[in-house]
Amino acid sequence: MSDTTASAVLTDSMPAWRQHRYGEADSVALETAGVPDPGKGEVLLRLRATGLNSGDIRVMRGEPRLVRLAFGLRRPRQPVRGMDAVGTVVAVGPGVTALAVGDEVVGELPGGGGLARYALSPVARLVPLPPALSPEVAATLPIAGGTAWQALDLAGVTDAARAAGAPRRRVLVIGASGGVGTFAVQLAALRGAEVWALCGERNRGIVAGLGAARTFDYRTVQPGSAELPDDTFDAVIDIAGTAPLRALRALVRDGGRVALVSGEGGRWLGPVGRILGASVLSIASKRVLRPIAASAKAGILGQLVALAATGSIRPVIERRYDFVQAGAALAHVAGGHVTGKVVVIAE
Ligand SMILES: NC(=O)c1ccc[n+]([C@@H]2O[C@H](COP(=O)([O-])OP(=O)(O)OC[C@H]3O[C@@H](n4cnc5c(N)ncnc54)[C@H](OP(=O)(O)O)[C@@H]3O)[C@@H](O)[C@H]2O)c1
């Protein structure tokens, strides 16, 4: 390690799961890599747990191709996947005063880096890990929890609306059993909404336990089915991205909003067509379709951490993998049928 403001790192090398080409989980291998130096405004973390997201899989595959503009044209610039990280600060870069060696933190790493022993993070993306919260639970929060939070805000399902005495809102969460969905159901219920949820049959019990008043199997019930008639909801959070936009728009009442978290689409441009279609359908309409591009927001993460530490939200962890099994963890998330979250525990 070169000179940094303070450091407790005694080694120059570390194990890291790296990829040198875009591909499936077999493009990622456990290698020895150099320990990076924190730059200005950064800290180096000794990782304790890393949460995986479907976003890690999009970057791993470089699909849709549009992803490669941001992450590297031929191969990922950051070869290590894993964006949701919990760790101990072991070195601080120049100018860092908000954190010190020994601090325990959680946050979203830009572009990845979490499936390694050490990772860099800008200080601004990190919040303290309270003693009441385990690293593995905290590692589920940043992207999935943050996206659910921002989607509900966009759809108008807010604490402020509730405090202002707005009538109880009815919200439909489509794709309620995955990482984002299990948080969306819990947060919407916490914000006073009556939550209806579409998920796989095998997960209906889990989703009901998270606070959904009614659940439906997405393989037999679709927007527009008798169980989900038009003009029924104040807000729809679409995390599955497969229902026709017109059917989604018809679900909400006048004044209602649809937050589009996901949009399946072509191999090159992914959800771009759906985003453009949503804009067109929302012109002069009393029912608005809004795509969401969630971003790392420390203020929101701090609130999620507080809610999880007090048990007000209970992240669902389907599987925990040891660090040496991180390749299998990526393969499992890539299968697209995770219930809640998958977390890799550092050694
Ligand atoms: N816009 C943003 O800023 C943003 C941020 C984060 C994530 N995302 C996107 O949000 C989506 C979800 O992410 P995630 O991490 O929550 O995914 P995930 O955890 O991998 O979601 C898997 C879950 O989705 C369920 N599912 C699959 N197809 C479904 C359908 N047609 N209807 C209802 N449920 C379905 C699966 O149930 P079964 O096993 O029963 O099939 C599984 O439980 C991804 O497309 C991701 O790229 C967007």
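Every number for a ligand or one of its atoms is a count from 1 in the order of the listing. Just so you know, residue 1 is the first one in the sequence shown, and it goes up from there.
- Of all heavy-atom pairs between Arg58 and Ser262, the closest is NH2-OG, 4.3 Å.
- For ligand 1, the polar-atom distance check against Asn53 finds no nitrogen or oxygen pair separated by under 3.5 Å.
- For CZ of Arg74, the number of neighbouring non-hydrogen atoms (other residues, nucleotides, ligands) closer than 6.0 Å is 12 at most.
- Residue contact annotation: Glu201 has no non-hydrogen atom under 4.0 Å from ligand 1.
- Relative ring orientation between Phe233 and Trp196 is described as perpendicular, the plane-to-plane angle rising above 60° on a 0-90° scale split at 30° and 60°.
- A salt bridge does not link Lys40 with Glu42: none of the charged nitrogens is closer than 4.0 Å to a carboxylate oxygen.
- A salt bridge links Glu24 with Arg61: the distance from a Lys NZ or Arg NE/NH1/NH2 to an Asp or Glu carboxylate oxygen falls below 4.0 Å.
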**Request:** Start with the C-alpha gap between Trp149 and Leu307, add the side-chain angles, then the distance that decides, and say whether side-chain contact (heavy atoms from CB on, under 4.5 Å) holds.
**Result:** CA-CA 12 Å; Trp149 187 292; Leu307 290 174; 4.0 Å; yes
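- When only non-hydrogen protein atoms are considered, atom 38 (P) of ligand 1 lies nearest to His337 ND1, 3.3 Å.
- When Ser54, Gly55, Gly179 are ranked by how near their heavy atoms come to atom 15 (O) of ligand 1, first place goes to Ser54.
- Which parts of ligand 1 touch Ala293 is read off a 4.0 Å heavy-atom cut-off, strictly below it: atoms 3 (O).
- At a 3.5 angstrom cut-off on N or O pairs, Arg202 counts as close to ligand 1.
- Note: no N/O pair closer than 3.5 Å links Thr147 and ligand 1 by distance alone.
- The two residues Ser121 and Leu109 make their nearest non-hydrogen contact at CB-CD2, 3.6 Å.
- In summary, the atoms of ligand 1 found under 4.0 Å from a heavy atom of Val338, numbered by their order in the structure, are 22 (C), 23 (C), 42 (C), 43 (O).
- Of the listed options Gly181, Ala294, Gly336, Gly336 places a heavy atom closest to atom 22 (C) of ligand 1.
- The distance from ligand 1 to the heavy atoms of Ile292 drops below 4.0 Å at these ligand atoms: 1 (N), 2 (C), 3 (O).
- Every atom of ligand 1 with a heavy atom of Ile239 under 4.0 Å away is listed here by number and element: 10 (O), 11 (C), 12 (C).
- Each of the atoms 31 (N) of ligand 1 lies under 4.0 Å from some heavy atom of Thr242.
- Between Asp230 and Arg287 there is no salt bridge, since no side-chain nitrogen of the basic residue lies less than 4.0 Å from a carboxylate oxygen of the acidic one.
- We find that Glu227 and Arg214 are not joined by a salt bridge, their nearest charged nitrogen and carboxylate oxygen being 4.0 Å or further apart.
- In this structure, the protein non-hydrogen atom closest to atom 32 (N) of ligand 1 is Tyr218 CG, 3.2 Å.
- Looking at His332 against ligand 1, nothing comes within 4.0 Å, counting heavy atoms.
- With respect to atom 21 (O) of ligand 1, the closest heavy atom belonging to the protein is Gly178 CA, 3.6 Å.
- The only option from Val105, Leu120, Thr88, Val92 that meets the side chain to side chain contact (heavy atoms under 4.5 Å, CB included) definition with Val43 turns out to be Val92.
- Nearest-heavy-atom check against atom 10 (O) of ligand 1 across Ile174, Val261, Thr339, Val316 picks out Val261.
- The aromatic rings of His332 and Tyr321 lie tilted to each other, with the angle between the two planes from 30° to 60°.
- No donor-acceptor distance shorter than 3.5 angstrom exists from the side chain of Thr339 to the backbone of Ser177, with no hydrogens or angles considered.
- Of the listed residues (Ser177, Ala176, Ala144), the one carrying the non-hydrogen atom nearest atom 43 (O) of ligand 1 is Ser177.
- Each of the atoms 40 (O) of ligand 1 lies under 4.0 Å from some heavy atom of Gly200.
- Heavy atoms of Arg58 come nearer than 4.0 angstrom to ligand 1 in at least one pair.
- The closest protein non-hydrogen atom to atom 16 (O) of ligand 1 is Val180 N, 2.8 Å.
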